[in-house]
Amino acid sequence: MKQKFIKALKYILSTLAIFALCWLVDMFWGNPVSYLLATRTAQSHLVTTYPGSDFYIERIGYNFKFQDYYVKINSPSSIDTHFSLSITKGGKLLLDTYDSGVLKRFNTANRLNDEYRALVARVFSNLSLPCDYHTNYSRLEFYLKEELQHRTISLYDIPPYAINQGELVLDKPYDIPELGRRAGHLIISVDSETVNTDQAANIMLNIKAHFDQAGLPFAAMTFDLQYPKPHNGLRPEGEVCVAQFIYEDIYEEGMVERVAQADKELKEHYAKLDAIG
């Protein structure tokens, strides 16, 4: 009797262990049945929603965070046509990003941004600045028309030189330096033992000169000059920061005064935002 009980207990425990293992595998990696359902849903969706297209399934993966499947869709004839589907384990379609990625031209904007950033990176790789450390980022400024309806949108959110993203042409090979001249935005942060408007103005002029020499225009610069952060403790107070500083305003005569005014206006803007929460 005792042996039968032990045998039954072992059977129950092993069964529970198998169920637990299957549950863990399903949670973190999905299961073959759900994968098949997701594949069929994706294939059916492409046929019914995009008939006559050359779209194909590049990859199907499982997202353990959301417990669903994502499907990457591509087109061999269009560099800007790629989007994704989200599908539940039961095979229900949750999301299709074709509208945002392709129709609203986010994919096109991202492609152009990548090309501009690559050119900017080359210039910065050959740039020597009188500072301890600097980081840089760049982008082409685009906007969607519907964003203009928000009353809280300001110059710092959508600058006047930004390009209407909806007017971009799918797959078009653009002149990237020309786009940089129209909408290129350099975002630069510099650590220096000297933090004042003179230093900020000199570094900004230096950066502009290097970009002019490289033949890569930009429309505006956001620049932050601050003290280096020590290994232990907080960064010393004090910084000079300007946002959306227009290219045409970066010239030697009166530069220090313009930087001081832009720094003042930006700090006042942030103070207003803090006041309204």
Whether T49 side chain and H45 backbone form a donor-acceptor pair below 3.5 Å: yes

Residue pairs involving residues 239-263 (criterion salt bridge (Lys or Arg N to Asp or Glu O under 4.0 Å); sequence neighbours excluded): D263-K267

Test item: N206 and L127 side chains (from C-beta on) under 4.5 Å apart, heavy atoms: yes

Carboxylate-amine/guanidinium proximity below 4.0 Å for E268 and K272: no

Separation of I57 CD1 from L46 CG (nearest 0.5 Å): 5.5 Å

K172 to Y174 six-membered ring, cation-pi geometry met (6.0 Å, 45°): yes

Residues L170, T108; criterion side-chain contact (heavy atoms from CB on, under 4.5 Å); working and verdict: CA-CA 6 Å; L170 202 71; T108 306; 3.7 Å; yes

Nearest non-hydrogen partners of T222 and Q244, listed with the distance: OG1-N, 3.1 Å

Co-membership, hydrophobic cluster, residues I87 and F64, 4.5 Å side-chain: yes

Centroid-centroid distance, Y161 to Y247, less than 6.0 Å: no

D114: partners by salt bridge (Lys or Arg N to Asp or Glu O under 4.0 Å), with sequence neighbours left out: R117

Side-chain heavy-atom pair T39, Q43 within 4.5 angstrom cut-off: yes

Nearest-0.5 Å distance, CD of residue E115 to CD1 of residue I176: 4.0 Å

Worked verdict on L168 versus D80 for side-chain contact (heavy atoms from CB on, under 4.5 Å): CA-CA 11 Å; L168 294 176; D80 291 334; over 6 Å; no

Test item: N113 side-chain N/O and R139 main-chain N/O as donor-acceptor pair under 3.5 Å: no

Close side-chain approach of L140 to I163, heavy-atom, < 4.5 Å: no

CG-CZ distance between L144 and F142, expressed to the nearest 0.5 angstrom: 11.0 Å

Considering all heavy atoms, the nearest S84-T97 contact: N-OG1, 2.8 Å

ILVMFWY cluster membership beyond V47 - transitive side-chain contacts under 4.5 angstrom: none

Distance-only donor-acceptor check, side chains D68 and T88, under 3.5 Å: no

Distance, nearest 0.5 Å, that separates CD1 of I250 from NZ of K208: 6.5 Å

S192 and T194: side chain donor to acceptor below 3.5 Å: no

From Y69 atom OH to L94 atom CG, the distance as rounded to the nearest 0.5 Å: 13.0 Å

4.5 Å side-chain heavy-atom contact, E265 and Q261: yes

Contact summary for V242 and M204, nearest pair of heavy atoms: CG2-CE, 3.9 Å

Check: K72 and H82 side chains under 4.5 Å, non-hydrogen atoms: no

Worked check of side-chain contact (heavy atoms from CB on, under 4.5 Å) between L216 and Y116: CA-CA 9 Å; L216 182 60; Y116 183 66; 4.0 Å; yes

Heavy atoms from other residues, nucleotides or ligands near OH of Y56 exceed 12 (cutoff 6.0 Å): yes

Among I187, I188, I246, side chain to side chain contact (heavy atoms under 4.5 Å, CB included) partner for M221: I188

Same cluster (ILVMFWY, side-chain, under 4.5 Å), F106 and I79: no

Contact summary for V195 and G238, nearest pair of heavy atoms: CG1-O, 3.9 Å

CA sep, side-chain torsions, deciding dist, call: L273, H269, side-chain contact (heavy atoms from CB on, under 4.5 Å): CA-CA 6 Å; L273 292 180; H269 172 72; 3.6 Å; yes

Y70 side chain reached by R59 side chain, heavy atoms, under 4.5 Å: yes

4.5 Å side-chain heavy-atom contact, Y50 and D96: yes

F211/F218 aromatic ring centres below 6.0 Å: yes

Pairs touching residues 176-196 that satisfy salt bridge (Lys or Arg N to Asp or Glu O under 4.0 Å), sequence neighbours left out: E178-R181, D191-R235

Rounded distance (nearest 0.5 Å) linking atom CG of N107 with atom OH of Y98: 10.0 Å

Contacts of type ring-ring contact (aromatic ring centres under 6.0 Å, His included), residue H185, not counting sequence neighbours: none

For Y35, all residues meeting ring-ring contact (aromatic ring centres under 6.0 Å, His included), sequence neighbours excluded: none

Hydrophobic cluster membership, I60 vs L85, 4.5 Å side-chain cutoff: yes

Check: P230 and P236 side chains under 4.5 Å, non-hydrogen atoms: yes

Heavy-atom closest pair, residues L225 and A200: CD2-N, 3.6 Å

Heavy-atom pair with the smallest gap, counting every atom of T41 and G91: OG1-O, 2.6 Å

